[in-house]
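Some notes on the structure that comes next.
What you see below is based on every heavy atom in this structure, not just the backbone, and it leaves out hydrogens, waters and symmetry mates. Predicted model, so just to flag it, every value in this text is computed and none were measured.
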Amino acid sequence: MRIVKLTEKERENILENLLQRSPNQYGKFESTVQEILDHVKAEGDQALFDYTQKFDGVTITEDTFRVTKEEIEEAYEQVDAHLVEIIRKSLKNIKEYHEKQVRYSWFDSKPDGTLLGQKVTALERVGVYVPGGKAVYPSSVLMNIVPAKVAGVDRIIMTTPPGKDGKVYPITLVAANEAGVDEVYKVGGAQAIGALAYGTKSIKKVDKIVGPGNIFVALAKKAVYGHVSIDSIAGPSEILVLADETANPRYVAADLLSQAEHDEMASAILITTSESLAEKVSEEVDGFVKVLSRGEIIQKSLDSYGYILVADNMEDAIATANEIASEHLEIVTKNPFDTMTRIRNAGAIFLGEYSSEPLGDYFAGPNHVLPTNGTAKFFSPLSVDDFVKKSSIISYSREALELVHKDIEDFATAEKLTAHANSIAVRFEK
């Protein structure tokens, strides 16, 4: 794994390289995605059936489109009972964590006759997209459905591409059922996003779409944003480890590779103040790559977007970490809690050598749907807040309005909005 001396110029080059991974760089696919969305909007279910045949090689009909209770029961028979128990343990942790995020409506009344407040209302219908194809992600199923359930969403609709047998992966169905999904449909890709956004005969239009996917899914979500809400435009996975001489190089190497194995565009970066640690981590990485099952993918990822950066001091290391704003940030320093107080930008922060990134992916409870490609500077992890909307509440008595009506009229007049001023003035005509 390459070792680079951290300089201002090197930092700029790395940031530019990482941004090439953004879905915003894939405009050449936008016309294809728009064509799919337009077809779904015009043809509804039939377009979904046609695209499923074309892209997945599976024939889906109106009778086999929606997953049945019998298929869910069959899935439980195919998934090891021990794994079901693990899913339930993880689900419990995720649910308890997100329950602490719940916000309630509030009202503040005063003796002068004013009442102000905020009404919190759960979204009515949410669509959850779950990838298929190369890998199975029951953990993402839990992370997307649980906060919606905790928020009180009325109806959760999941779409996922079928396997070659025309069925959904058993473990995906088990996770969805345990989390409390209401409907599951066998459709993937940009066409699934179109169905959720516009509605078809079978799939009713939703208010928001969440969940990860390939570049076509990401671009489809971007295209329908505004027609419905979305969680984010997710980019490739990334990890940044901030470490000093106290870190265990074998642990650090293993953690870097835990994200590099996702795909060739994943990013794994170590920033350290120790040249000795940098060299040892590089050696450990080389050893792991030779024995890990996804070694070829890992090596391509490291060659393109992997770095070990040696900083002169921890201040420069932290400044670079804040600039990169990584999806996952591990802090393995002598005092990780102190270091954490100086971190401004990160999706999820893991403190200490026993808080490895996969702990957050699968089990701890915080959501693993995180901002990528530097968007942690202004975006947050998926949460209960993503599944509610807020309405402002305003109520004034005549007496309360009388005290301020001239101020409001003068303010409106200053903006040359006389109808605004008149709307207040008519209530105090003599």
Inset, instruction - Ignoring hydrogens and angles, tell me if any N or O in the side chain of K222 forms a donor-acceptor pair with the backbone of I233 under 3.5 Å. - result: no

Inset, instruction - Anything under 30° is parallel, anything over 60° is perpendicular, the rest tilted; go ahead and classify Y185 against F65. - result: tilted

Inset, instruction - Determine yes or no for a side-chain-to-main-chain donor-acceptor pair under 3.5 angstrom, with D154 supplying the side chain and R125 the backbone. - result: no

Legend entry - Ion pair D316/R11, N-O distance below 4.0 Å: no

Inset, instruction - Let me know which of E330, Q259, H328 forms a side chain to side chain contact (heavy atoms under 4.5 Å, CB included) with V241. - result: E330

Legend entry - Note: E10-K5 ion pair, threshold 4.0 Å (strictly below): no

Inset, instruction - May I have the step-by-step check of side chain to side chain contact (heavy atoms under 4.5 Å, CB included) for I193 and F216, ending in yes or no? - result: CA-CA 10 Å; I193 302 302; F216 294 97; over 6 Å; no

Legend entry - Test side chain to side chain contact (heavy atoms under 4.5 Å, CB included) applied to K95 and E99, H98, K92, the passing residue: E99

Inset, instruction - Taking atom types as modelled, find out whether D361 and S139 have a side-chain donor-acceptor pair closer than 3.5 angstrom. - result: no

Inset, instruction - Determine, stepwise, if the pair V168 / E71 fulfils side chain to side chain contact (heavy atoms under 4.5 Å, CB included). - result: CA-CA 9 Å; V168 175; E71 286 176 296; over 6 Å; no

Inset, instruction - In sequence, state the C-alpha distance, the side-chain angles, and the governing distance for M158 and I156, and then conclude on side chain to side chain contact (heavy atoms under 4.5 Å, CB included). - result: CA-CA 7 Å; M158 188 178 99; I156 300 172; 5.8 Å; no

Inset, instruction - Taking atom types as modelled, find out whether D244 and T333 have a side-chain donor-acceptor pair closer than 3.5 angstrom. - result: no

Legend entry - G44 backbone acceptor or donor facing K201 side chain under 3.5 Å: no

Legend entry - Closest non-hydrogen atom pair between G166 and I60, with its separation: O-CD1, 4.3 Å

Legend entry - Full working for side chain to side chain contact (heavy atoms under 4.5 Å, CB included) between V120 and V102: CA-CA 10 Å; V120 179; V102 174; over 6 Å; no

Legend entry - G211 backbone acceptor or donor facing K221 side chain under 3.5 Å: yes

Legend entry - F107, CZ: over 12 other non-hydrogen atoms inside 6.0 angstrom: yes

Legend entry - Neighbour count >12 (heavy atoms, 6.0 Å) for atom CZ, F428: yes

Legend entry - Contact summary for V332 and T246, nearest pair of heavy atoms: O-OG1, 4.3 Å

Legend entry - Validation row: N373, L18 side chains within 4.5 angstrom (heavy atoms): no

Legend entry - Over all atoms of both residues, closest heavy-atom pair of A348 and L370: CB-CD1, 3.7 Å

Legend entry - pair L351-F337: side-chain heavy atoms closer than 4.5 Å: yes

Inset, instruction - Spell out, as yes or no, whether a donor-acceptor pair under 3.5 Å connects the side chain of D38 to the backbone of E35. - result: no

Legend entry - Enclosure of Y362 OH (heavy-atom neighbours >12, cutoff 6.0 Å): no

Inset, instruction - Taking all heavy atoms of A268 and all of L256, pick out the closest pair and write down the distance. - result: CB-O, 3.5 Å

Inset, instruction - Evaluate whether atom CZ of F378 has more than 12 neighbouring non-hydrogen atoms of other residues, nucleotides or ligands under 6.0 angstrom away. - result: yes

Legend entry - Heavy-atom neighbours of R88 CZ exceed 12 at 6.0 Å: yes

Inset, instruction - Mind checking the CZ-CG spacing from R294 to D263? Nearest 0.5 Å is all I need. - result: 8.0 Å

Legend entry - Sub-4.5 Å side-chain heavy-atom contact between D182 and I157: no

Inset, instruction - For the residue pair V217 and N214, establish whether any side-chain heavy-atom pair is separated by less than 4.5 Å. - result: yes

Legend entry - S423 (side chain) donor-acceptor with A419 (main chain) under 3.5 angstrom: no

Legend entry - Modelled atom types, side-chain donor and acceptor of E178 and Y76, under 3.5 Å: yes

Inset, instruction - Would you mind reporting whether V224 and Y198 have side-chain heavy atoms less than 4.5 Å apart? - result: yes

Legend entry - Side-chain H-bond candidate by donor/acceptor type, K119 with T121, under 3.5 Å: yes

Inset, instruction - To the nearest 0.5 Å, tell me how far L6 CG sits from T320 OG1. - result: 4.0 Å

Inset, instruction - With rounding to the nearest 0.5 Å, note down the distance linking OG in S258 to CG in L359. - result: 11.5 Å

Inset, instruction - In plain terms, say whether K204 and E183 are close enough for a salt bridge, that is, a side-chain N and a carboxylate O under 4.0 Å apart. - result: no

Inset, instruction - Count the heavy atoms of every other residue, nucleotide or ligand shown that sit under 6.0 Å from NZ of K205, and state whether that count exceeds 12. - result: yes

Legend entry - Beyond-backbone contact of P212 with N144, side-chain heavy atoms, under 4.5 angstrom: yes

Inset, instruction - Would you indicate whether the side-chain heavy atoms of I324 and I269 approach each other to under 4.5 Å? - result: yes

Inset, instruction - Apply salt bridge (charged side-chain N to carboxylate O under 4.0 Å, His left out) to D112 and list each qualifying residue two or more places apart in sequence or on a separate chain. - result: none

Legend entry - Residue H420 excluded, over 12 heavy atoms near NE2 under 6.0 Å: no

Inset, instruction - Please answer whether the main-chain N or O of M143 pairs with a side-chain N or O of N367 as donor and acceptor at a distance below 3.5 Å. - result: yes

Legend entry - I86 to F363 - nearest heavy-atom pair and separation: O-CE1, 4.1 Å

Legend entry - Nearest-0.5 Å distance that lies between atom NZ in K41 and atom CD1 in I36: 15.5 Å

Inset, instruction - Taking atom NZ of K54 as the centre, report whether more than 12 heavy atoms of other residues, nucleotides or ligands fall under 6.0 Å from it. - result: no

Legend entry - Sidechain-backbone polar pair: E238 side chain, E327 backbone, donor-acceptor under 3.5 Å: yes

Inset, instruction - Check whether the side chains of S202 and E62 place a donor and an acceptor atom closer than 3.5 Å, and report yes or no. - result: no

Inset, instruction - Hey, could you give me the CD/CG distance between Q78 and L83, rounded to the nearest 0.5 Å? - result: 13.0 Å

Inset, instruction - Using a strict 4.0 Å threshold on nitrogen-to-oxygen distance, state whether E315 and R342 make a salt bridge. - result: yes

Legend entry - Reported CD1-to-OG1 distance for the pair I318 and T273, which is rounded to 0.5 angstrom: 10.0 Å

Inset, instruction - Please report the closest heavy-atom contact between L401 and Y396, naming both atoms and the distance. - result: N-CD2, 3.8 Å

Legend entry - A266 backbone acceptor or donor facing S301 side chain under 3.5 Å: yes

Legend entry - Side chain proximity check, L329 to L240, heavy atoms < 4.5 angstrom: yes

Legend entry - D255 side chain to S356 side chain, donor-acceptor N/O pair below 3.5 angstrom: yes

Inset, instruction - Look at the side chain of S395 and the backbone N and O of L115, then say whether any donor-acceptor pair between them is shorter than 3.5 Å. - result: no

